[in-house]
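In this text, all values refer to a predicted model and were calculated from it rather than measured experimentally. Within every chain, numbering begins at 1; the chains are lettered A, B, ... in the order of the sequence lines, protein sequences first and strands thereafter.
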There are 2 protein chains.
Amino acid sequence: MELEVPKGMNQAGSEDPTDRSDVDPTKTPTIYDVARLAGVSHQTVSRFLRGYQGIRPETRERVLKALHEVDYRPNLAARSLTTGRSHRIGALTHEIDQVGPSKIAQGASIAAREAGYLLDIVTLDMSNRDAINQALELIMQHDLAGVLALSSTDEMTQAFEAADFRVPAYIAAEEDDARGGHPSEITSVGLPALLSHLAGLGHLRLLHIAGPTAWSAARNRVRAYERAVAKHGLGSHGVLYGDWSAKSGYDAIMSLKGPLPVTAVVAANDQMALGAMLALTERGYRIPEDVSVTGIDDIPEAAYFAPPLTTLRVDFATQGRNAVEQLLAQIEHLVLPPRPALPSRLVARKSTGPVGRNLSDLSGQ
Amino acid sequence: MELEVPKGMNQAGSEDPTDRSDVDPTKTPTIYDVARLAGVSHQTVSRFLRGYQGIRPETRERVLKALHEVDYRPNLAARSLTTGRSHRIGALTHEIDQVGPSKIAQGASIAAREAGYLLDIVTLDMSNRDAINQALELIMQHDLAGVLALSSTDEMTQAFEAADFRVPAYIAAEEDDARGGHPSEITSVGLPALLSHLAGLGHLRLLHIAGPTAWSAARNRVRAYERAVAKHGLGSHGVLYGDWSAKSGYDAIMSLKGPLPVTAVVAANDQMALGAMLALTERGYRIPEDVSVTGIDDIPEAAYFAPPLTTLRVDFATQGRNAVEQLLAQIEHLVLPPRPALPSRLVARKSTGPVGRNLSDLSGQ
DNA sequence: GAATTTTCTGTTACCGGAAACAAACATCGC
DNA sequence: GCGATGTTTGTTTCCGGTAACAGAAAATTC
């Protein structure tokens, strides 16, 4: 008399339902391997993995045991093939020699990780159209849940508008005053506070060293600077343009002919402020006795410049986090609670001081 | 009389072989869509895409046309499901507030891109074991071609040894003196050159501000420093340990009691050198008249410190590139040509100078 | 206690490619 | 003129999951 073949897939002839005979140890195990081992169907394993509740405790335990035994790890390629969704986000960021962009990327990376996503980071020159298109081409092949630009330049904006991503895309503009968005803390609160700090020290004539005009952050800062100058009734010698680097800050100051026409220099980031300070020093001005200098960002080194830099603290990590959350909201069709504005705090250090008597006459000229 | 149905898959009744009738425009097209449009089999399309030569020019052209018409983009999830290989590399990097790590990541990212890979970058605290394990857990799910650690700490090394990646893994130690590898340029050539520069300026008693001991780069630099001190017959006041940050360089100098026992400070990176310079200045020492200070890395800002910093230029981008190439060699079973050593060049600026007479007596004490 | 519903589990089909195999056709040699 | 060979293209199967459906077992109803 024959025993009835037990139900299920286990018909290979072994009487032990937890059959491990043909599990190839060199291959990474699949749910089929786990199913065979647990004596259930692969679908039950799949259900277990996705947290389905209607599984009998007894079955559940067998699956769990089998999962551990073979040290199962899901194959996300297969999963995203069927579900049509990946858990990767493509992130474009500017070449990271600046602290800001890399901090933003870091915050974004962490936020993505918390949501179960991984960030595919591509660094490129944000103002080089060819580089952007090339990067987009690459990124679009690697099936992604969404695409993120971690900073905003004109070229990037245009490329995003022209591209056909087929997935959600988002540009993390630090500030989007021009596009009708609510202006960021930096330009609405931070820069006015900075200028008011300078006005309070008696400075009447200022100079702004801005970032490249293609960057929306740079443009917004210029506008905010000019607004604040007007509001306090100050005079501005105008705006010089750098490229965010210390060298460009240095060059900006060196390009000024004749005696310094201002008592304070407002740089759009800390690096340019650093360069400006060196140039001023070399030209014989003492900081802050003769000229005050301010930056924006408060990079970790700013407190250790000589002299320590008065600057605006910017929360880059949160900026990156917000960007990811915005994108995820699109991906997962969530409605996002209004995010609190990013505080940007004035950090007064020794690079600003009261206008010295010896130069104060300049401020009125 | 009936026309014969043309061969191929195109039996849906339309007489036009380039049938586009049931291509759903909302779905991203697949090779099957392209095949139908071109009137060939999907396999022919697949062959075309992978560069197979044995396709008749006529067929080839039809496929190409169809590809363009639907703007086909390969689904890499499907591809890596069948080939069992992905084109992504998981990269672990230290929280990127330092320039070094982020430059390395950038170089790695570019090199990966050139080879058709994308870098999944995960930032973490390289000396936090829990963070490392958590990150590894995450990236092991996202099927990767390989795993890369972009800098080397003890914790990272241990975690890598314990982990079961099932894919190639590589730790990019800047230098691996301790593990028998060929020592890097920095420790074998760069630091000796730096010390010899100081010796040439008359410095006889030095202090080293090192990075955290868990970092192999920090340890190697300490060893190289001590070797070079011995070689030149110099005296060392010893080694103080920082954490790569400007603050830790500042604190290190401030922790010294009494008058400064050395005439030159050798910091293991530029940030700590910056902090050290500020502390020295606050304690009343002039740089370089009273004390010389050197860094390592040559970050872009170093040339604009006050005073500009004498340092060793390190090629981070190439370091990252090398790491990726090493990993790819493992992934694709290539034998790598021996890579040329990374040049590390001494960049002498104004933070070093001849020993001043007023303090030179200290050097012999 | 049979019929019905609910709960749990198994079967089949599919995602979009690539590999293995097979067939159709052209070319060649003797 | 017919098999041998080579070139080009098509068919089937598989990768490792998930979705949709179906079937069996248990619980409930009347």
Side-chain angles (χ1 to χ4, degrees), chain A residues 4-11 17 23-24 27-36 38-63 66-67 70 72-87 141-143 166, chain B residues 4-11 17 23-24 27-36 38-63 66-67 70 72-87 141-143 166:
Chain A
E4 276 197 24
V5 173
K7 63 185 180 228
M9 298 183 67
N10 187 36
Q11 312 195 346
V23 174
D24 182 349
K27 252 177 97 292
T28 73
T30 71
I31 56 168
Y32 291 89
D33 299 319
V34 174
R36 187 156 3 96
V40 298
S41 78
H42 70 278
Q43 187 56 246
T44 302
V45 178
S46 174
R47 287 192 185 103
F48 177 90
L49 289 172
R50 285 175 307 113
Y52 176 67
Q53 286 308 310
I55 301 179
R56 230 188 309 156
E58 186 190 314
T59 314
R60 180 174 288 275
E61 204 162 314
R62 290 222 307 281
V63 173
L67 283 171
V70 299
Y72 172 80
R73 309 225 194 97
N75 178 331
L76 292 199
R79 182 175 295 173
S80 66
L81 179 58
T82 47
T83 59
R85 314 184 349 178
S86 82
H87 279 81
Q141 292 191 5
H142 291 252
D143 60 351
R166 299 174 187 175
Chain B
E4 276 198 22
V5 173
K7 64 179 181 238
M9 297 182 70
N10 187 37
Q11 314 197 346
V23 174
D24 182 349
K27 250 176 100 291
T28 72
T30 71
I31 54 169
Y32 291 91
D33 299 317
V34 174
R36 186 155 4 93
V40 299
S41 79
H42 70 276
Q43 187 56 244
T44 301
V45 179
S46 174
R47 286 191 186 103
F48 177 91
L49 290 171
R50 286 175 308 110
Y52 177 67
Q53 288 307 313
I55 301 178
R56 232 188 307 154
E58 186 191 313
T59 313
R60 180 176 288 275
E61 206 162 312
R62 289 222 307 282
V63 172
L67 283 170
V70 299
Y72 171 82
R73 310 227 192 97
N75 178 330
L76 291 200
R79 184 174 293 175
S80 68
L81 179 59
T82 45
T83 60
R85 314 185 350 176
S86 82
H87 279 80
Q141 293 191 2
H142 291 253
D143 59 353
R166 300 175 185 174

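- Heavy atoms only, all atoms of each residue included: B:Ile55 and B:Thr44 are closest at CD1-O, 4.1 Å.
- Put simply, A:Thr44 has a side-chain N or O that comes within less than 4.0 Å of OP1 or OP2 on C:dG10.
- Looking only at distances, no side-chain donor or acceptor of B:Ser46 sits under 3.5 Å from a matching main-chain atom of B:His42.
- Mapping B:Gly54 and B:Leu81 onto DNA chain D by nearest heavy atom places B:Gly54 at the nucleotide closer to the 5' end.
- Across all strands, B:Ile55 comes closer than 4.0 Å only to sugar-phosphate atoms, never to a base (heavy-atom distances).
- Nucleotides of DNA chain D nearest to B:Pro57 and A:Arg50 differ in position, and the one nearer the 5' end is that of B:Pro57.
- Here C:dA18 is the nucleotide among C:dT9, C:dA18, C:dG10 with the atom lying nearest to any side-chain atom of B:Thr82.
- Remark: P of C:dT9 and OH of A:Tyr32 are 18 Å apart, rounded to the nearest angstrom.
- Residue B:Thr30 places no side-chain N or O under 4.0 Å from the OP1 or OP2 atom of C:dG16.
- When heavy atoms are screened at a 4.0 angstrom cut-off, B:Leu76 is found touching no nucleic acid atom at all.
- In terms of heavy atoms, B:Ala78 sits closest to A:Leu81 at CB-CD1, 3.6 Å.
- Between A:Arg60 atom CZ and C:dC8 atom C1' the separation is 12 Å, expressed in whole Å.
- Taking only side-chain atoms of B:Ser46, from C-beta outward, the nucleotide of D:dT18, C:dA18, D:dT8 with the closest atom is C:dA18.
- In this structure, A:Glu58 places its CD atom 14 Å from C1' of C:dT7, rounding to the nearest Å.
- Nearest approach of A:Gln43 to A:Arg50, heavy atoms of both residues: OE1-NH2, 4.2 Å.
- Summarising the geometry, the separation between CZ on A:Arg62 and C1' on C:dC8 is reported as 12 Å, rounded to the nearest angstrom.
- Atom CZ in B:Phe48 sits roughly 15 Å away from atom P in C:dG17 (whole-Å rounding).
- Rounded to a whole Å, the CG atom of B:Asn75 is 13 Å from the C1' atom of D:dG17.
- You'll find a donor-acceptor pair under 3.5 Å spanning the side chain of A:Arg47 and the base of C:dG10, going by distance alone.
- The two residues A:Ile31 and A:Leu49 have their closest heavy-atom pair at CG2-CD1, 3.7 Å.
- In terms of heavy atoms, A:Ser86 sits closest to A:Ser80 at CA-CB, 3.9 Å.
- The side chain of B:His42 lies closest to C:dA19 when the candidates are C:dG10, C:dA19, C:dT9.
- The CD1-P distance, from B:Ile31 to C:dA18, rounds to 6 Å in whole Å.
- Close to C:dG16, at under 4.0 Å from its OP1 or OP2, lies no side-chain N or O of B:Arg79.
- Straight-line distance from the CZ atom of A:Arg85 to the P atom of C:dC15: 18 Å, rounded to whole Å.
- Within the structure, every side-chain polar atom (N or O) of A:Tyr52 is placed at least 4.0 Å from both OP1 and OP2 of D:dA19.
- Among the nucleotides C:dG10, D:dT12, D:dA19, the one closest to the side chain of A:Gln43 is D:dA19.
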